Number of protein chains: 2
Amino acid sequence: MTPVPRASAATSPRELAHPARDEIRLEGVLHALSDPMRLRVVRELAAADAEVACSHVELPVTKSTCTHHFRVLREAGVIRQTYRGTAKMNGLRRDDLDALFPGLLDAVLAAAGAQAARRPTGS
Amino acid sequence: MTPVPRASAATSPRELAHPARDEIRLEGVLHALSDPMRLRVVRELAAADAEVACSHVELPVTKSTCTHHFRVLREAGVIRQTYRGTAKMNGLRRDDLDALFPGLLDAVLAAAGAQAARRPTGS
DNA sequence: GTCAAACTACGAGGGACTTCGTACAATGGG
DNA sequence: CCCATTGTACGAAGTCCCTCGTAGTTTGAC
């Protein structure tokens, strides 16, 4: 079909917009973390302690929904995303979050872990 | 006789339903705190460090909306509400939250304070 | 009894969110 | 070049959420 020309995409290998550190809002972070799917993603990223591909995180939703949740996390400033070949790597923005909201991420992760321990089979 | 007094046209002692400690879910708490109005309420309750009447918390919304937000906070397990005459007193459930999610409430409160300091005139 | 104060219930409007399906683009290997 | 893999865009359906106005209930004071 008609090849769509794109602006200056020749040298830019698909870049993604991230909020700057001081653009990250607490309400946005809390809202991003208040979804079970996204909290699960964040827990896996924290456990991995490295960049993880979207496809490596197993969620009981379709790929479209997966993309949506990763975008919410990125736009809230919780994760950083970069392309690597056909994969998209995800990493927690620990440094920014710890600088802005000291102890918050660790408290949420610990709380999620404790809650998961209390609810063995559920969620 | 009614064994379980409901909050709908009940009899003498108006009682309110609160979730038990182990019924409090992290996602619910995070969602409750992710709203600017409710975060504001929680900050005021934490600053007061005592029971505060709904009418004493000044919010730029109508009373109906105020009631709604207080109920969300109560049903999420963040606050405890009790009637006292015509007033309804509100207090943080610090003990329960600290037991379930150690450090979470303090981290959120500190983060909210830090963010408010970065944004002097409320957005 | 009457009245004001404080809060609630109900419903409505408008917007945001979660999920999905389908079709499409970018990358790297055979 | 062809194609499988990976993720995106777009729209749609259904649901939930925030806000409000109005009418009503409960309580305590006069």
Side-chain angles (χ1 to χ4, degrees), chain A residues 1-17 25 27-41 51-76 78-90 123, chain B residues 5-17 25 27-41 51-76 79-90:
Chain A
M1 305 307 178
T2 318
V4 179
R6 70 193 66 295
S8 71
T11 54
S12 72
R14 287 195 292 175
E15 286 183 16
L16 293 159
R25 307 267 303 142
E27 297 90 330
V29 172
L30 292 178
H31 174 248
L33 297 177
S34 71
D35 182 271
M37 293 300 156
R38 292 193 290 262
L39 186 55
R40 192 159 152 174
V41 168
E51 296 209 320
V52 173
C54 289
S55 59
H56 192 267
V57 179
E58 292 182 13
L59 293 181
V61 291
T62 63
K63 262 193 308 182
S64 303
T65 308
C66 209
T67 297
H68 160 72
H69 285 310
F70 275 103
R71 176 169 35 178
V72 172
L73 285 171
R74 171 170 50 85
E75 292 180 346
V78 178
I79 66 173
R80 193 183 309 277
Q81 297 189 291
T82 45
Y83 284 105
R84 228 178 131 170
T86 68
K88 190 159 149 194
M89 308 307 289
N90 307 274
S123 70
Chain B
R6 287 299 272 155
S8 60
T11 50
S12 35
R14 288 188 291 172
E15 282 186 19
L16 293 161
R25 305 269 300 143
E27 296 90 331
V29 172
L30 292 178
H31 173 249
L33 296 177
S34 71
D35 181 89
M37 294 299 155
R38 292 193 290 261
L39 187 55
R40 193 161 152 172
V41 168
E51 296 211 320
V52 173
C54 289
S55 57
H56 192 268
V57 178
E58 292 181 13
L59 293 181
V61 291
T62 64
K63 263 196 301 186
S64 302
T65 307
C66 210
T67 297
H68 161 71
H69 285 309
F70 275 103
R71 174 168 37 178
V72 172
L73 286 171
R74 169 171 50 84
E75 292 180 346
I79 66 172
R80 193 183 309 277
Q81 297 188 290
T82 44
Y83 283 103
R84 222 177 137 173
T86 67
K88 191 159 150 193
M89 309 306 289
N90 306 274

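To find a chain, count down the sequence lines: A is the first, B the second, and so on, and within it residues start at 1. The analysis underlying the following values was restricted to heavy atoms, covering all of them including side chains, and did not include hydrogens, waters or symmetry mates. Only a predicted model underlies this, so the values are computations on that prediction, with no experimental measurement involved.
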Heavy-atom pair with the smallest gap, counting every atom of A:I79 and A:Q81: CD1-CG, 3.9 Å

Rounding to a whole Å, what distance do you find between A:H56:NE2 and D:dG7:P? 11 Å

Rounded to whole angstrom units, what separation is found between the CG atom of A:D35 and the P atom of C:dT18? 5 Å

Check the distance between C:dA26's P and A:R84's CZ and give it to me in whole angstrom. 21 Å

Close side-chain approach of B:R25 and B:V29, heavy atoms under 4.5 Å: no

Minimum heavy-atom separation for B:A87 and B:A53, please, with both atom names. CB-CB, 4.3 Å

Could you check how far CG of B:L16 sits from P of C:dA9, rounded to whole Å? 9 Å

Distances under 3.5 Å between nitrogen or oxygen atoms of protein and nucleotides 10-16 of chain D:
none

Report the nucleotide, chosen from C:dC20, D:dT19, C:dA6, that has the shortest atom-to-atom distance to any side-chain atom of A:T62. C:dC20

Using the side-chain heavy atoms of B:T86, tell me which of these nucleotides is nearest: D:dT19, D:dG28, C:dC7. D:dG28

Heavy-atom closest pair, residues A:H31 and B:S34: N-CB, 3.5 Å

Quick one: does B:E27's side chain get under 4.5 Å of A:L39's, heavy atoms only? yes

Euclidean distance, atom NZ of residue B:K63 to atom P of D:dC18 [Å, nearest integer]: 21 Å

Is the shortest heavy-atom distance from the side chain of B:M37 to the side chain of B:P60 under 4.5 Å? yes

If you look at every strand shown and take non-hydrogen atoms under 4.0 Å, does B:R38 touch a base, only sugar-phosphate, or nothing? sugar-phosphate

Heavy atom of residues 66-74 of chain B under 4.0 Å from DNA chain D: which residues? B:H68, B:H69

Check for a donor-acceptor pair, side chain of B:T65 on one end and backbone N or O of B:V61 on the other, with a separation under 3.5 Å. no

Expressed in angstrom and rounded to an integer, what is the separation of A:L30 atom CG from D:dC17 atom C1'? 17 Å

In this structure, how many angstroms lie between the C1' atom of D:dC18 and the CG atom of B:L39, rounded? 16 Å

Categorize B:T65 for me: base, sugar-phosphate, or nothing, with a 4.0 angstrom heavy-atom threshold over every strand shown. base

To the nearest angstrom, the CD-C1' distance between B:E27 and D:dC17 comes to 18 Å

Strictly distance-based, threshold 3.5 Å: is any side-chain N or O of A:R74 a donor or acceptor partner for the main-chain N or O of A:A17? yes

Report yes if the side chains of A:N90 and A:C54 come closer than 4.5 Å at any heavy-atom pair, otherwise no. yes

